[in-house]
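Below is one structure, written out as structure tokens; comments come after it.
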Amino acid sequence: MERPQQKRGRRRCVVLAVVAVLLLVVIVAVVLGLTLRQDSQPLKTTFIARCEEFKQYDCQKIWDAFEQAYVGRDPCKVPTEAYDPFIAAAYFKPECNRMMFWSKTKDVVHDFTETNNCFVTLEDTVLGRVADGLTWCGKEGSSETFTTGCPGWSDCANNTVRSFWNRVSAAFADAACGDVTAMLNGSIPTPFSPASIFGSVELMRFSSPRVSRLNVVLVTQTNSVANCTNASFKELQKELDAGIAYNCKEVAEAQLQECSSKPCGGCW
Ligand SMILES: *[C@@H]1O[C@H](CO)[C@@H](O)[C@H](O)[C@H]1NC(C)=O
Ligand SMILES: *[C@@H]1O[C@H](CO)[C@@H](O)[C@H](O)[C@H]1NC(C)=O
Ligand SMILES: *[C@@H]1O[C@H](CO)[C@@H](O)[C@H](O)[C@H]1NC(C)=O
Ligand SMILES: *[C@@H]1O[C@H](CO)[C@@H](O)[C@H](O)[C@H]1NC(C)=O
């Protein structure tokens with residue numbers, strides 16, 4: 001014969017156990033649901049989320065302008081001009097004296113602009129941020145965006161991704177004003193390459209008197225091979241619009257970290 005108290009205690013135990021099991025089932029279901037749910041448009045999701053970080057754009061409109069450049073097209077036949085509507089939709093305000101260009105220094109330059117509140121690279125603006133590090137393409141006869149099976153950077157000249165970077169780089173350089181800075185790599189034999197985007201698209205768009213000076217920051221490491229006297233910089237200066245002053249400074253990579261807390265160009 002159980003006492004009523006024991007009975008009540010046991011009933012409470014059973015109720016608690018049932019509640020706990022139910023909770024567990026719900027949690028497992030939610031977690032599974034979240035992990036198994038397929039994002040049908042992963043590129044668009046990333047693109048829109050990055051665009052919205054700027055809090056000043058109609059991101060759906062920018063996406064529509066971006067997408068029309070390549071959807072339904074052969075991914076090797078996307079001309080740079082296909083992205084003109086994207087450039088028009090993703091308007092950005094140039095910041096004179098703060099624009100930072102780069103070649104073969106991607107990680108270092110972005111670590112730098114992230115901590116330094118002065119300089120702005122293409123990838124810090126909406127133009128470059130939305131697609132940085134991503135791959136995408138369309139297909140003839142399809143209205144979809146693909147993120148795999150796309151041609152690589154060098155597979156064909158007018159591929160979806162390469163034409164995008166050529167177009168946005170041109171827009172960024174067209175807007176350059178005042179003193180511009182270019183971070184180049186001293187650990188490679190030819191720090192200035194005429195074949196790079198900087199050498200083939202950006203440099204020739206700097207125009208005097210809108211641009212007054214080009215400051216080359218040559219990032220050196222202990223194993224660096226090139227310095228500012230390297231002959232490739234003679235070629236650079238030949239390409240540079242007359243009237244734009246030129247300067248080159250070697251800055252050790254380790255020193256850049258200290259520089260990032262200094263005001264604009266405090267190190268060069
Ligand atoms: C790439 O497109 C441009 C026009 O934007 C054209 O002049 C050029 O011939 C094309 N190159 C190739 C390899 O198709
Ligand atoms: C320069 O290029 C080399 C080789 O690609 C790379 O290892 C190095 O990190 C680059 N230096 C900078 C400062 O980005
Ligand atoms: C720059 O590099 C060259 C070799 O490329 C070397 O002869 C010269 O001494 C270097 N200059 C400086 C200032 O380090
Ligand atoms: C300097 O530039 C020339 C031509 O642009 C290149 O061939 C040479 O190897 C470069 N590097 C060094 C370390 O001298």
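Numbering of ligands and ligand atoms starts at 1, following listing order.
- Under the salt bridge (charged side-chain N to carboxylate O under 4.0 Å, His left out) criterion, Glu144 pairs with no residue at all, not counting sequence neighbours.
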I'd like the atom pairs linking ligand 2 to the protein - N or O on both sides, separation under 3.5 Å - with distances to 0.1 Å.
unit_1: ligand 2; atom_1: 2 (O); unit_2: Asn185; atom_2: ND2; d: 2.3
unit_1: ligand 2; atom_1: 11 (N); unit_2: Asn185; atom_2: ND2; d: 3.0

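- Every atom of ligand 4 with a heavy atom of Val225 under 4.0 Å away is listed here by number and element: 13 (C).
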Quick one: side chains of residues 130-137, donor-acceptor pairs under 3.5 Å with protein atoms, not counting sequence neighbours, listed by atom name and distance.
unit_1: Asp132; atom_1: OD1; unit_2: Lys106; atom_2: NZ; d: 2.7
unit_1: Trp136; atom_1: NE1; unit_2: Tyr83; atom_2: OH; d: 3.3

Distance-only donor-acceptor hits, side chain of residues 193-200, under 3.5 Å, sequence neighbours excluded:
unit_1: Ser193; atom_1: OG; unit_2: Ala195; atom_2: N; d: 3.1
unit_1: Ser193; atom_1: OG; unit_2: Ser196; atom_2: N; d: 3.4
unit_1: Ser196; atom_1: OG; unit_2: Ser193; atom_2: O; d: 2.7
unit_1: Ser196; atom_1: OG; unit_2: Gly199; atom_2: N; d: 2.9
unit_1: Ser200; atom_1: OG; unit_2: Ser196; atom_2: O; d: 2.7

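- With hydrogens and angles disregarded, a donor-acceptor distance shorter than 3.5 Å links the side chain of Asn159 to the backbone of Trp153.
- Counting atoms of ligand 4 from 1 in the listed order, those under 4.0 Å from a heavy atom of Glu235 are 5 (O).
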Next on the checklist: Phe54 vs Phe92, test: ring-ring contact (aromatic ring centres under 6.0 Å, His included). Steps then yes/no.
Outcome noted: CA-CA 11 Å; Phe54 291 89; Phe92 85 104; over 10 Å; no
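- A single hydrophobic cluster is seen to contain both Phe101 and Leu127, as judged by linkage of ILVMFWY side chains at heavy-atom distances under 4.5 Å, directly or through other members.
- Under a 4.0 Å criterion applied to the non-hydrogen atoms of Ser232, ligand 4 contributes the atoms 2 (O), 5 (O).
- The side chain to side chain contact (heavy atoms under 4.5 Å, CB included) with Cys248 is formed by just one residue from the set Leu184, Asn230, Leu214, Val216; it is Val216.
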